[in-house]
Each structure stands twice: as structure tokens, then as C-alpha cells.
Amino acid sequence: YRVTVFERAPQPGGMVRLAVPSFRLPDEIWEREFSLALGEGIEVVYGATVGVSPSLDELEADGFRAVILAIGASRGIKLPVPGGNYQGVHDALSLMAAVKQGRPVAVGESAVVIGGGSVATDAARTLLRKGAREVRLVCIEKECDMPALSWEIEEARREGVEVVAGYAPVRIASSWMQAEEVELARVSAIKCDECGRPTPELEAGVSINLKAETVVFAVGQAVEAELLTRMGLETTEAGEPAAEPSSGATSRPGVFA
């Protein structure tokens, strides 16, 4: 097949270019990899949001035999705890993208990162580099069950990140709408909801407060479900495109995910 890549950004790279810190993956490495991947025989159209401009109908009219959606989960999310809208509270994707692109980010002396995965360790190490003196990484899992790789946790620790395992945020307290501290409750068990998302059960009466002028939620990312709806595609309860597991076929003929 003759392949055309429609890319929303003005340059290739996706999340790697947007948010992965250079201390984790040096820019020259991924730039070389993308130049090799997008070599001879592949046309790339930048600044194009498939589903809007061009629409799926326009692509079909232009003679494209199939469309493969590989748009990822580009929206950062926060947990629905009180205080999530205070100043100094970020989702990890927005924070990391701002830092990577050189936009100003105000970071307090004390910071708390909520999450136990690779993005959480990246965010914690980034906060140290932005001037935070005290960074704690809070996760609902026991330390041995954290989704981050062991070397990622050790590198974060070596740089000064403290891990607080087995706790979940209950609320964020503020002073004049500026985050001031995070109240945590001890997790007694972790169950999964119908979409497979981990849901902690909290131990009553066991809580701690951590000072935090900066709070970062590194608890996953979400698909732009409204874009899929605009394309006329069926979505799952989690907002992802409904697709055949074996083929990736969506509810629209010729469109795969």
C-alpha cells in the first residue's frame, strides 16, 4: 500500500517529542529513529486532525482504502478529589509538555506526585530539576507492586524522591486557592472497576498530611472521545474506540484502531 501519515502536530514524534523528558530519552536518539521510520515511500501531512480536517468522508473520497487510527491517549487526567482545581495542581501530561516546550512552570519548594508508574517517576524527577526541594511520590500500591520499573524507582530515589506507598489522596487543602498540602488515607485493598481501572479501598481513621505547593496527578491519560464521536465511531465505556480485538476493525467499515 502507498502510505500517508496525517499528523496533527507540525513535527513528528507524538508523545515522545511532546512530553518525554530529555534526561529519559535524549532528543537526538528519537529524532534519528523518526527520520529512519519516515523514510522513502511514506508521505507525511502535518497540521491535519483526522476526523475534522480531513474528515473520514474526505479521505474516502480521496481514494484511501483504509484509515488506521493511532492517536493514542493525549489528554492528561486528574483524580476527582476536592481541591483538584487549585493553583499548583497539574496533570502530569500538561506539566511535562510545558517543561519540554520551555514554557514557564511555577514549582513550589514542596511537591507531591500522585501515581506509581513510569510517568510518575519522570514527573517527580522533573520537579526536582525545576527547583522543588522536597518531592514525594504517592501511590496506592505497595512498593513491590508499583507499575514503574525497579530501575526507574531507584533512579528517582537516588536523585532525592521519597516514595510513600500504600496511600491514596483524599483531598487537597489550600491557602487562598493555592495548593498547600495533600491529605492521604491508607489503602487497605485495591479492586478494579468494570473498565479495569484500579479502585482503592481506604482504611478508616488512618491518614497523613503532606505539605505540597505543587501537586501532580500521574494517574493515566484519556482518549479524546469527542473526536471519535465526531467521526461517527462507537466507543467503549472508557471512551476508547470500540474495535475487534483480532483485526482492530471499528464500527465504520475501512476504519481501524
Side-chain angles (χ1 to χ4, degrees), residues 15 17-25 27 73-141 143 146-149 152-187 200 202 206-222:
M15 203 60 65
R17 176 186 290 275
L18 176 69
V20 174
S22 299
F23 65 77
R24 158 79 95 144
L25 180 66
D27 292 348
S74 59
R75 179 167 292 168
I77 58 176
K78 300 177 183 178
L79 294 178
V81 298
N85 61 335
Y86 292 150
Q87 290 182 12
V89 182
H90 311 266
D91 68 82
L93 181 56
S94 298
L95 175 86
M96 302 294 279
V99 172
K100 187 75 179 280
Q101 295 165 30
R103 302 199 303 270
V105 178
V107 174
E109 289 198 357
S110 58
V112 166
V113 177
I114 310 295
S118 301
V119 176
T121 59
D122 283 353
R125 296 171 66 190
T126 296
L127 290 170
L128 287 173
R129 285 164 171 77
K130 294 299 292 182
R133 295 178 179 271
E134 184 180 65
V135 178
R136 294 186 174 97
L137 191 155
V138 176
C139 61
I140 61 175
E141 302 89 357
E143 189 168 327
M146 290 173 63
L149 301 173
E152 295 173 323
I153 300 169
E154 286 309 309
E155 283 195 357
R157 263 216 179 91
R158 198 156 48 237
E159 292 184 5
V161 176
E162 179 186 346
V163 176
V164 181
Y167 282 85
V170 175
R171 72 182 185 95
I172 300 170
S174 76
S175 174
W176 297 97
M177 298 299 288
Q178 165 64 49
E180 198 169 46
E181 67 177 17
V182 180
E183 181 182 342
L184 307 172
R186 183 184 291 171
V187 175
L202 305 182
V206 183
S207 64
I208 58 175
N209 289 0
L210 298 180
K211 184 179 178 183
E213 299 155 301
T214 302
V215 181
V216 178
F217 284 97
V219 292
Q221 294 161 211

Give the intermediate values and the outcome of side chain to side chain contact (heavy atoms under 4.5 Å, CB included) for residues V170 and L184.
CA-CA 5 Å; V170 175; L184 307 172; 5.9 Å; no
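- P169 has its side chain within reach of L79: a pair of non-hydrogen atoms, C-beta onward, lies under 4.5 Å apart.
- A donor-acceptor pair is defined here as one N or O able to donate and one able to accept, closer than 3.5 Å; such a pair exists between the side chain of Q178 and the backbone of E213.
- Going from atom CZ of R133 over to atom OG of S110 covers 11.5 Å, rounded to the nearest 0.5 Å.
- Between the side chains of E180 and S174, no donor-acceptor pair is found at a separation under 3.5 Å.
- Not one N or O on the side chain of S94 forms a donor-acceptor pair closer than 3.5 Å with the backbone of H90.
- Between V216 and D91 the shortest side-chain heavy-atom distance does not fall below 4.5 Å.
- Within the 4.5 Å cutoff, the side chain of F23 has heavy atoms near those of the R125 side chain.
- Of all heavy-atom pairs between L202 and A185, the closest is CD1-CB, 4.0 Å.
- Between E181 and N209 the shortest side-chain heavy-atom distance falls below 4.5 Å.
- Within the 4.5 Å cutoff, side-chain heavy atoms of R157 are placed close to those of V163.
- Looking only at side-chain heavy atoms (C-beta outward), P147 and E141 come within less than 4.5 Å of each other.
- Within a 6.0 Å radius of NZ in K100, more than 12 heavy atoms belonging to other residues, nucleotides or ligands are found.
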Passes side chain to side chain contact (heavy atoms under 4.5 Å, CB included), L137 versus I114? Steps please.
CA-CA 6 Å; L137 191 155; I114 310 295; over 6 Å; no
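- Residue M96 holds its CE atom at 10.0 Å from CG of L18, rounded to the nearest 0.5 Å.
- Taking OH of Y167 as the start and CG of L210 as the end, the distance is 9.5 Å to the nearest 0.5 Å.
- Nearest heavy atoms, T121 versus R24: OG1-NH2, 4.4 Å.
- L93 places a side-chain heavy atom less than 4.5 Å from the side chain of M15.
- We find the CD1-SG distance between I153 and C139 to be 7.5 Å, quoted to the nearest 0.5 Å.
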V113 and V138: side chain to side chain contact (heavy atoms under 4.5 Å, CB included), yes or no, with the steps?
CA-CA 6 Å; V113 177; V138 176; over 6 Å; no
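- K78 has its side chain within reach of V89: a pair of non-hydrogen atoms, C-beta onward, lies under 4.5 Å apart.
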List the steps and the verdict of side chain to side chain contact (heavy atoms under 4.5 Å, CB included) for T214 and L95.
CA-CA 11 Å; T214 302; L95 175 86; 5.5 Å; no
Yes or no on salt bridge (charged side-chain N to carboxylate O under 4.0 Å, His left out) for E134 and K211, after CA distance, side-chain angles and deciding distance?
CA-CA 9 Å; E134 184 180 65; K211 184 179 178 183; over 6 Å; no
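- Nearest approach of S22 to D27, heavy atoms of both residues: OG-OD1, 3.1 Å.
- Atom CZ of R129 sits in a crowded spot, with more than 12 heavy atoms from other residues, nucleotides or ligands closer than 6.0 Å.
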